[in-house]
Amino acid sequence: MFQRWVFVLFISVFVFSHNATAGNNFEIVTLGDRGGIQDGNLTAFLLKASKDKNYVTLDAGTLVNGLIVAEQKGTFEHVKVPDSSPYNKVGYLLKERVKGYFISHAHLDHVAGMIIASPDDSGKSIYGLASVNQALSSSYFNWVSWPNFGDRGDGFQLKKYKYNDMPPKKWLDVKGTSLRVKAFPLSHSGIESTAFLFSNEDAAMVYLGDTGPDKVEKSDSLNQVWTSLVPYIQAGNLKGIMIEVSFTNAVKDTMLFGHLTPDWLITELKQLERKAGGKGSLEDLKIVISHVKYSLKKGEDPKVVIKRQLKEKNDLGVEFIFPVQGEGLIL
Ligand SMILES: [Zn+2]
Ligand SMILES: [Zn+2]
């Protein structure tokens, strides 16, 4: 009898603790893994809390093509389209399961997929800093570049998309999900880009749009993002950092135009390590590398070079992950 009781207790503790951690992870699907110039594979990710049904996107450079590639790779095998739905799986995901777009900045490689899909999309919120939403409305949804699907700006407003201007550094609830989010401005060669810090109960992850190093940008923006992550790191609750490395170390600082190289990313992560408690404080932290540019030149793929250059200098003990279009990741 006693043994049986211990066994039941053991099983319930195991199941309970297992569920507790599983419920607080983040699931990512890579819709586009490049920072340019490969149309059909530009920066975009789906994000959801493990326990949620609904997604948001992190940027939207490639949208429908990314969903098609992910479906072909079997990444959405677990998603069942209800019999009552008139849509195929890609349509169902886009129209019913994606509840909003988080746009880091309005450069085309981060928004092209959203703009192109808009005529057949469902109504959603576009979340961005005020300057980013302003750029979307004045540059694209203006009846010159494209019809105005927004709820502000020039000409007749079709109001499919609701611009949600995010106040910097304030928590907001993400409608239709159990996520909360806070936006931090980033410096991207003269324009404002954004880092989005997502939390789901105790767990957190951060997605950074295009950014240069603080030293080159003469900015304090990354420093402020790092400071905000310290409590999560110290509590063991930071599940991952998604950040760009656009170029190899061969690119000079004057030619970075608001981007990072492997050496600059390591320099920045060392700042974070120092703030989080010094040597070893980032051990095993997942760092997802986005925005590597496709190269037209003969020779080694820049992705292979960047992977090697990061590995050589990785005395932080972090795990660098290179996402692939159509594949899923768990943070
Ligand atoms: Zn970009
Ligand atoms: Zn950019």
Side-chain angles (χ1 to χ4, degrees), residues 28 30-47 56-63 65-66 101-117 126-141 145 166 168 183-196 206-219 221-222 225 241-248 251-262 264-265 268 287-296 301-303 305-306 310 321-325:
I28 308 233
T30 302
L31 301 181
D33 64 48
R34 293 285 176 169
I37 56 173
Q38 187 186 343
D39 58 292
N41 189 12
L42 300 170
T43 304
F45 301 89
L46 292 179
L47 167 76
V56 295
T57 77
L58 308 171
D59 284 324
T62 289
L63 197 54
N65 191 55
Y101 299 119
F102 283 85
I103 303 298
S104 68
H105 64 301
H107 280 163
L108 263 178
D109 54 323
H110 298 254
V111 299
M114 174 182 76
I115 295 165
I116 287 297
I126 297 177
Y127 296 88
L129 293 173
S131 70
V132 176
N133 285 338
Q134 171 57 30
L136 286 174
S137 117
S138 61
S139 305
Y140 307 116
F141 292 126
S145 302
M166 300 176 76
F184 294 82
L186 294 175
S187 178
H188 179 37
S189 194
I191 70 155
E192 196 171 49
S193 174
T194 315
F196 298 108
V206 65
Y207 170 82
L208 293 95
D210 295 1
T211 179
D214 276 352
K215 203 162 176 194
V216 176
E217 295 283 318
K218 298 184 176 52
S219 160
S221 300
L222 278 175
V225 174
I241 297 176
M242 300 178 75
I243 190 165
E244 70 133 284
V245 176
S246 299
F247 303 120
T248 70
V251 177
K252 292 194 178 76
D253 290 354
T254 50
M255 300 304 284
L256 289 180
F257 302 109
H259 294 292
L260 295 170
T261 60
W264 275 119
L265 176 59
E268 287 292 346
I287 312 284
V288 180
I289 305 298
S290 68
H291 209 265
V292 178
K293 268 183 97 167
Y294 178 83
S295 170
L296 295 173
D301 181 350
K303 209 172 188 173
V305 180
I306 287 170
L310 283 172
I321 295 169
F322 286 77
V324 176
Q325 185 180 37

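Order of appearance sets the numbers: ligands from 1, and atoms from 1 within every ligand.
When atom types are taken as modelled, the side chain of Glu217 and the backbone of Ser189 share a donor-acceptor pair closer than 3.5 angstrom.
The Zn ion (ligand 2) lies closest to atom ND1 when only the N/O/S atoms of His107 are considered. Checked against the Zn ion (ligand 1), the N, O or S atom of Asp109 at the shortest distance is OD2. Of all N, O or S atoms in Asp210, the one lying closest to the Zn ion (ligand 2) is OD2.
With the Zn ion (ligand 2) as the vertex, NE2 (His105) and NE2 (His188) define an angle of 100°, rounded to 10°. Here the Zn ion (ligand 1) is the vertex; the NE2 atom in His110 and the NE2 atom in His291 give an angle of 100° (to 10°).
Heavy-atom neighbours of Lys303 NZ from other residues, nucleotides or ligands within 6.0 Å: above the threshold of 12.
A 4.5 Å side-chain heavy-atom check between Asn41 and Tyr294 finds every atom pair outside the cut-off.
A perpendicular orientation is assigned to the rings of Phe196 and Phe102, their planes being inclined by more than 60° (bins at 30° and 60°).
Shown are Asp59, Asp33, Asp210; of these, the side-chain hydrogen bond (donor to acceptor under 3.5 Å, both in side chains) with His291 is made only by Asp210.
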